[in-house]
K.L.:
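Sending over a structure as structure tokens; questions will come in a sec.
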Amino acid sequence: MAQTSNQDKEKHYFEMFRKHYQLPAGTIIYRDRPDVIINAERKIGIEITNFYLEPGHRKESEQVQNRWRERVVSEAQRQYQRANERMFELSFDFDKSCPISNKKNLVNRLIELATQIQNHKTGVIGKDLFKEIPELSFVYLNNQEYEDTKWRVVQSHRASMLSMNRLVEIIKDKEQHPQNYEKCDAYWLLVIVDFMNRAQDQEIHVDDFKRVETEAFEKIIVYKTLTNDVLAVK
């Protein structure tokens with residue numbers, strides 16, 4: 001299956017967003033710099049970016065941790081089943097406050113846990129059984145055996161409140177680019193919070209949201225998918 005391009009993702013986000021926010025009447029054109037042009041009474045350029053809770057270059061960031069969790073769980077299952085015939089399923093939720101630092105060591109600890117609980121009944125595993133694995137917050141065992149069992153990472157919903165400081169960081173980063181944009185009468189910044197992405201999910205209702213100081217953008221709009229919450233900041 002072909003991988004979705006950034007432009008396709010941005011178009012998908014914008015098509016969802018425009019159903020829940022009144023835009024100026026005009027022709028919508030998808031571009032690259034900026035991502036969307038609205039040819040209306042004024043020509044408005046809209047740049048689209050995602051609201052990651054942390055910069056993606058840090059190993060503690062959810063962008064990195066999500067990849068590591070998937071790899072660790074997959075490798076733990078592979079090694080466990082290479083040495084055991086049991087084909088049960090395990091689901092793990094991870095504690096964001098305790099990021100993975102040693103993937104190999106965590107793989108070994110997950111294998112030890114699986115060996116310890118392999119004969120337990122289907123259900124939630126008590127935290128006392130994995131208290132020595134602080135990276136985990138939840139474990140569920142499905143002890144029914146299948147040929148294609150899969151150990152998986154699951155996500156419980158614990159969304160944080162929107163970080164004003166992080167939003168300002170994102171805006172400041174994007175302010176460096178308008179000189180490379182197609183000429184428009186005004187520019188907007190559309191910041192996407194993807195509900196399905198743990199590295200982004202957060203609540204965006206902020207009653208005392210301050211005015212954002214920016215010379216590059218006429219308007220900052222934060223949009224959360226699925227819940228369709230919209231926060232417009234001038």
Side-chain angles (χ1 to χ4, degrees), residues 1-58 61-64 66-67 159-234:
M1 181 180 294
Q3 194 170 21
T4 305
S5 69
N6 282 337
Q7 286 184 317
D8 287 338
K9 289 179 182 177
E10 289 159 355
K11 182 176 180 180
H12 175 67
Y13 285 138
F14 190 79
E15 288 297 324
M16 287 192 291
F17 161 73
R18 66 186 292 199
K19 296 176 182 178
H20 304 281
Y21 188 82
Q22 186 171 355
L23 296 168
T27 303
I28 292 176
I29 305 170
Y30 291 97
R31 290 277 202 262
D32 182 24
R33 296 184 178 180
D35 301 305
V36 179
I37 299 289
I38 301 179
N39 274 328
E41 185 174 336
R42 294 190 306 153
K43 184 178 180 181
I44 298 174
I46 302 177
E47 177 69 5
I48 301 174
T49 191
N50 286 85
F51 197 143
Y52 287 103
L53 298 169
E54 298 175 278
H57 64 274
R58 296 178 54 194
S61 72
E62 280 297 295
Q63 297 94 300
V64 173
N66 279 337
R67 294 196 300 271
S160 58
M161 293 302 294
L162 180 145
S163 168
M164 180 67 178
N165 291 337
R166 180 65 185 131
L167 178 59
V168 170
E169 288 179 1
I170 292 169
I171 294 168
K172 294 302 181 185
D173 178 65
K174 285 296 181 179
E175 281 182 331
Q176 302 174 29
H177 304 294
Q179 63 268 25
N180 299 320
Y181 292 164
E182 180 177 330
K183 179 66 176 177
C184 295
D185 297 309
Y187 299 102
W188 295 0
L189 179 62
L190 175 58
V191 186
I192 302 294
V193 176
D194 192 329
F195 176 89
M196 297 301 294
N197 189 325
R198 187 168 180 170
Q200 300 178 47
D201 191 21
Q202 56 200 297
E203 301 296 340
I204 71 170
H205 292 295
V206 182
D207 294 333
D208 59 348
F209 212 88
K210 300 176 182 177
R211 181 182 178 88
V212 175
E213 297 297 332
T214 172
E215 296 181 1
F217 299 104
E218 178 183 78
K219 188 178 292 188
I220 311 294
I221 304 171
V222 184
Y223 168 66
K224 182 173 180 177
T225 63
L226 190 66
T227 60
N228 300 313
D229 296 322
V230 178
L231 178 66
V233 186
K234 295 185 179 180

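Excluded from the calculations below are hydrogen atoms, water molecules and symmetry mates; all remaining heavy atoms, backbone and side chain alike, are included. One is the number of the first residue; the rest follow in order along the sequence. Computed from a prediction, not measured in an experiment: that's the story for all the values here.
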K.L.:
State the OG-NZ distance between Ser5 and Lys11, to the nearest 0.5 angstrom.
P.N.:
10.0 Å
K.L.:
Please report the closest heavy-atom contact between Tyr21 and Val230, naming both atoms and the distance.
P.N.:
CD1-CG1, 3.7 Å
K.L.:
After noting the C-alpha distance and the side-chain angles of Tyr181 and Tyr187, does the key distance pass the ring-ring contact (aromatic ring centres under 6.0 Å, His included) rule?
P.N.:
CA-CA 9 Å; Tyr181 292 164; Tyr187 299 102; 5.5 Å; yes
K.L.:
So, do Asn50 and Lys9 sit near enough that their side-chain heavy atoms are less than 4.5 Å apart?
P.N.:
no
K.L.:
So, taking the atom named CG in Asp194 and the one named NZ in Lys224, what distance separates them when rounded to the nearest 0.5 Å?
P.N.:
10.0 Å
K.L.:
Quick one: does Val36's side chain get under 4.5 Å of Tyr30's, heavy atoms only?
P.N.:
yes
K.L.:
Got a sec: does the NE2 of His20 have more than 12 other heavy atoms crowding it under 6.0 Å?
P.N.:
yes
K.L.:
Let me see the working for Trp188 and Leu23 under side chain to side chain contact (heavy atoms under 4.5 Å, CB included), right down to the final yes or no.
P.N.:
CA-CA 11 Å; Trp188 295 0; Leu23 296 168; 3.9 Å; yes
K.L.:
Could you grab the distance from atom OH of Tyr223 to atom CG of Leu231, nearest 0.5 Å is fine?
P.N.:
14.0 Å
K.L.:
May I have the step-by-step check of salt bridge (Lys or Arg N to Asp or Glu O under 4.0 Å) for Glu169 and Lys172, ending in yes or no?
P.N.:
CA-CA 5 Å; Glu169 288 179 1; Lys172 294 302 181 185; over 6 Å; no
K.L.:
Can you give me the closest heavy-atom contact between Phe217 and Ile171, atom names plus distance?
P.N.:
CE1-O, 4.4 Å
K.L.:
Taking side-chain contact (heavy atoms from CB on, under 4.5 Å) as the definition, give me every residue that meets it alongside Asn39, ordered by chain and number, with sequence neighbours left out.
P.N.:
Thr27, Ile29, Ile37, Lys43
K.L.:
Please give me the minimum heavy-atom distance between Ala40 and Ala25, naming the atom from each residue.
P.N.:
CB-O, 3.1 Å
K.L.:
Roughly how far, to the nearest 0.5 Å, is the CG atom of Asp173 from the CG atom of Leu189?
P.N.:
10.0 Å
K.L.:
With the side chain counted from C-beta on, respond yes when Leu190 and Tyr13 share a heavy-atom pair under 4.5 Å apart, and no when they do not.
P.N.:
no
K.L.:
Would you name the heavy atoms of Gln7 and Arg31 that are closest together and state the gap between them?
P.N.:
NE2-O, 3.6 Å
K.L.:
Starting at NE2 of His12, measure out to CG of Asp8 and round the result to the nearest 0.5 Å.
P.N.:
10.5 Å
K.L.:
Can you list everything that forms a side-chain contact (heavy atoms from CB on, under 4.5 Å) with Ile170? Sequence neighbours excluded, please.
P.N.:
Thr49, Phe51, Arg166
K.L.:
To the nearest 0.5 angstrom, please state how far the CD atom of Glu47 sits from the CD1 atom of Ile220.
P.N.:
11.0 Å
K.L.:
Tell me the closest heavy-atom pair linking Lys174 and Ile48, and the distance in Å.
P.N.:
NZ-O, 4.5 Å
K.L.:
Might you point out which heavy atoms bring Pro34 and Glu182 nearest each other, and give the distance in Å?
P.N.:
CD-N, 3.8 Å
